[in-house]
Amino acid sequence: ATQAPGDARVGAGAHCDWGSLTILVTDGTPGLEIEHHGVWTPVPPREGALIINAGDQVSLWSGGRLRSANHRVINVSPRPRYSTAFFGYFNLH
């Protein structure tokens with residue numbers, strides 16, 4: 001993985017979510033990035049939209065058809081970035 005560009009601040013280092021689902025709402029400030037084939041790609045914020053990440057449990061249950069995305073938060077904005085996450089963990093037993 002590559003380092004944060006220039007004077008960017010790492011809000012959350014690279015990781016995959018290990019639960020089932022993560023539902024994220026942001027304040028509209030860019031910063032979330034996903035890694036695909038070693039390249040970090042920004043996820044542009046969309047007003048009124050939720051970001052939903054499948055976690056490692058979903059990857060396991062789907063036989064790898066749905067994969068947990070490696071992601072990070074890099075804030076290059078001059079203002080703080082706020083987001084709220086709901087983490088869902090399902091029990092099949």
Side-chain angles (χ1 to χ4, degrees):
T2 59
Q3 294 290 334
D7 63 350
R9 293 168 280 165
V10 176
H15 67 283
C16 292
D17 297 338
W18 61 269
S20 300
L21 294 174
T22 301
I23 302 171
L24 184 71
V25 61
T26 72
D27 65 357
T29 304
L32 180 63
E33 298 179 342
I34 58 170
E35 182 184 20
H36 186 67
H37 298 298
V39 176
W40 289 100
T41 304
V43 177
R46 293 188 180 157
E47 189 171 335
L50 298 174
I51 298 168
I52 301 177
N53 287 337
D56 291 342
Q57 283 184 333
V58 171
S59 181
L60 180 66
W61 295 338
S62 70
R65 288 185 297 275
L66 298 172
R67 295 183 313 189
S68 180
N70 193 31
H71 57 283
R72 67 183 183 184
V73 177
I74 303 294
N75 189 4
V76 294
S77 171
R79 65 185 177 118
R81 179 184 182 277
Y82 297 99
S83 62
T84 301
F86 170 82
F87 301 99
Y89 304 92
F90 302 117
N91 185 349
L92 294 179
H93 302 296

Distance (rounded to the nearest 0.5 Å) between L50 CG and T26 OG1: 9.5 Å
Please output the side-chain donor-acceptor pairs of residues 80-89 that fall under 3.5 Å, not counting sequence neighbours, one pair per line with the distance.
residue : atom : partner : partner atom : Å
R81     : NE   : T29     : O            : 3.1

Out of curiosity, E35 CD to T41 OG1, how far, rounded to the nearest 0.5 Å? 9.0 Å
I'd like to know if V73 and I34 are part of one continuous hydrophobic network [Ile/Leu/Val/Met/Phe/Trp/Tyr, side-chain heavy atoms within less than 4.5 Å]. yes
Would you indicate whether the side-chain heavy atoms of L24 and N53 approach each other to under 4.5 Å? no
Could you see if I52 belongs to whatever hydrophobic cluster contains V43? Use Ile, Leu, Val, Met, Phe, Trp, Tyr and a side-chain cutoff under 4.5 Å. no
Indicate every side-chain donor-acceptor pair of residues 14-21 with a distance under 3.5 Å to a residue at least two apart or in another chain.
residue : atom : partner : partner atom : Å
H15     : ND1  : G13     : O            : 2.7
H15     : NE2  : D17     : OD1          : 3.4
H15     : NE2  : H71     : NE2          : 3.2
D17     : OD1  : H71     : NE2          : 3.4
D17     : OD2  : T22     : OG1          : 2.7
S20     : OG   : Q57     : OE1          : 2.1
S20     : OG   : F90     : N            : 3.1

Between atom CD1 of I51 and atom CG of L32, what is the distance when rounded to the nearest 0.5 Å? 5.0 Å
Give me the atom names and distance for the closest heavy-atom approach of P45 to G28. CG-O, 3.2 Å
